[in-house]
Protein chains: 2
Amino acid sequence: MKRSLENITHKEDTEQMARFAKALGHPTRIAILKHLGNQSCCFTGDLVDIFPLAQSTISQHLKELKNAGLIQGELNPPKIKYCINKENWKTAKALFQNFFESN
Amino acid sequence: MKRSLENITHKEDTEQMARFAKALGHPTRIAILKHLGNQSCCFTGDLVDIFPLAQSTISQHLKELKNAGLIQGELNPPKIKYCINKENWKTAKALFQNFFESN
DNA sequence: ATCGTCAATCGTACATTTACGATTGAAAAT
DNA sequence: ATTTTCAATCGTAAATGTACGATTGACGAT
């Protein structure tokens, strides 16, 4: 990537949707979200058991999902309980719905 | 990425959705698709005029969208006309709809 | 106070992405 | 036949992403 600073800007909706899409752009993360959808919530450890990936890798994926705003972590000592961020989920849903509808 | 060969597999739906999402994971590509949605079709050159990016960069983005199956190029010598791939668009729409609905 | 458990972060290796300019190839126009 | 035009591809540089094991930090339990 050249133009590292002088980068192109797009409409905020477009940028936001791209951020969501990027976070969804890995099968493990989709699978995590599907799991959260069923369970409503779960702990990192649960996921480490489900997926044949290192704990650090799961943690990294969770971080990306959190950064994108799709999930949130609640302290539940000594564990951390992850849930869908319903607020942003609604936003994402609307963005994608609107995007796909127009064709 | 270690495990380059012994990689994790997911359900086909999950993999497919991730492929679509990955292709949507860049604002320029979202913008291209939105443009195609309005225009129904367009030429690479049109996009080069619209976006402040090199021709080769646009071409690369188009290639990714084509690989993901979201667009298709029709020969229209001497130009190439790009359109939404309606078949796969429907598939993608359904995958995302279903995904977001379940929460 | 020490130990065990859980999850984040660090350091690292390698792959992939994103951008550019330059080159190539194919087809239309001269 | 030569030139022009359009878009793909090549080569390259830098950034990001994906995975691992090891370490750290926080907190409960012993």
Side-chain angles (χ1 to χ4, degrees), chain A residues 1-10 14-15 18-32 36 41-68 70-83, chain B residues 1-10 14-15 18-32 36 41-68 70-83:
Chain A
M1 208 191 308
K2 273 163 196 172
R3 343 190 151 213
S4 44
L5 285 175
E6 30 146 356
N7 230 327
I8 292 93
T9 57
H10 296 270
T14 298
E15 301 270 10
R19 274 192 293 273
F20 284 136
K22 197 174 182 186
L24 297 176
H26 192 287
T28 297
R29 290 195 292 271
I30 301 268
I32 289 173
L36 285 182
C41 282
C42 79
F43 304 104
T44 310
D46 303 349
L47 299 170
V48 175
D49 293 340
I50 294 172
F51 300 105
L53 290 168
Q55 179 264 321
S56 56
T57 303
I58 299 287
S59 208
Q60 238 177 161
H61 282 305
L62 288 171
K63 190 183 183 180
E64 280 204 58
L65 289 171
K66 203 165 52 173
N67 285 345
L70 290 168
I71 64 173
Q72 61 200 30
E74 292 173 14
L75 258 305
N76 200 317
K79 303 188 176 184
I80 292 176
K81 200 172 61 171
Y82 281 104
C83 311
Chain B
M1 208 190 310
K2 275 162 196 174
R3 343 191 152 211
S4 44
L5 284 175
E6 30 145 358
N7 229 328
I8 292 95
T9 57
H10 295 271
T14 299
E15 301 270 10
R19 274 192 293 273
F20 284 136
K22 196 173 182 185
L24 297 176
H26 193 286
T28 297
R29 290 196 290 271
I30 302 266
I32 288 173
L36 284 181
C41 283
C42 79
F43 303 104
T44 309
D46 302 349
L47 299 170
V48 176
D49 293 340
I50 295 172
F51 300 104
L53 290 169
Q55 180 263 323
S56 55
T57 303
I58 298 287
S59 209
Q60 240 177 160
H61 282 306
L62 288 171
K63 191 183 184 181
E64 280 205 57
L65 289 171
K66 203 164 54 171
N67 286 345
L70 290 168
I71 64 172
Q72 61 200 31
E74 292 174 14
L75 259 306
N76 200 318
K79 301 188 179 184
I80 292 177
K81 198 170 64 172
Y82 281 105
C83 312

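In what follows, chains are A, B, ... by sequence order, proteins preceding strands, each numbered from 1. Note that the coordinates shown come from a computational prediction; the quantities given were computed from them, not determined experimentally.
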Q. D:dC6 C1' sits how many Å from B:Lys81 NZ, rounded?
A. 16 Å
Q. For the pair made of CD1 in B:Ile80 and C1' in C:dA28, what is the distance, rounded to whole Å?
A. 14 Å
Q) Whole Å only: how far is the CZ atom of B:Arg19 from the P atom of C:dT17? A) 13 Å
(Q) Rounding to an integer number of Å, can you tell me how far B:Leu24 CG sits from C:dT17 P? (A) 14 Å
**Q.** Side-chain donor/acceptor of B:Gln60 to base of D:dA8, under 3.5 Å
**A.** no
Q) B:Lys63 side chain N/O closer than 4.0 Å to the phosphate oxygens (OP1, OP2) of D:dA7? A) no
Q) Hey, is the side chain of B:Ser56 poking within less than 4.0 Å of OP1 or OP2 on C:dG21, counting only N and O atoms? A) no
Q. Between D:dA8 atom C1' and B:Leu62 atom CG, what is the distance in whole Å?
A. 11 Å
**Q.** From CA spacing to verdict: side chain to side chain contact (heavy atoms under 4.5 Å, CB included), A:Leu24, B:Leu24
**A.** CA-CA 9 Å; A:Leu24 297 176; B:Leu24 297 176; over 6 Å; no
Q.
OP1 or OP2 of D:dA19 versus the side-chain N and O atoms of A:His61: is any pair under 4.0 Å?
A. yes
Q | Any A:His26 side-chain nitrogen or oxygen under 4.0 Å from OP1 or OP2 of D:dA19 | A | yes
(Q) The side chain of A:Gln55 is closest to which nucleotide in this list: D:dT18, C:dG21, C:dA7? (A) C:dA7
Q.
Need one value for A:Glu64: base, sugar-phosphate or nothing, where a base atom within 4.0 Å counts as base even if backbone is also close, heavy atoms only.
A. sugar-phosphate
Q: Mind checking side chain to side chain donor-acceptor pair (under 3.5 Å) for B:Glu15 and listing every partner two or more places apart, or none if nothing turns up?
A: none
Q.
Using whole Å, what does the distance between atom P of nucleotide D:dC20 and atom CZ of A:Phe51 come to?
A. 13 Å
Q: Give a yes/no answer on whether the side chain of B:Lys22 brings an N or O atom under 4.0 Å of OP1 or OP2 in C:dT16.
A: no
(Q) Rounded to whole Å, please give me the gap between CD1 in A:Ile58 and C1' in C:dA8. (A) 14 Å
Q) Can you check whether A:Thr57 has a side-chain N or O nearer than 4.0 Å to OP1 or OP2 of D:dT18? A) no
Side-chain donor-acceptor distances from residues 52-65 of chain A under 3.5 Å, at least two apart:
residue, atom, partner, partner atom, Å
A:His61, ND1, A:Arg29, NH1, 3.0
A:Glu64, OE2, A:Arg29, NH1, 3.3

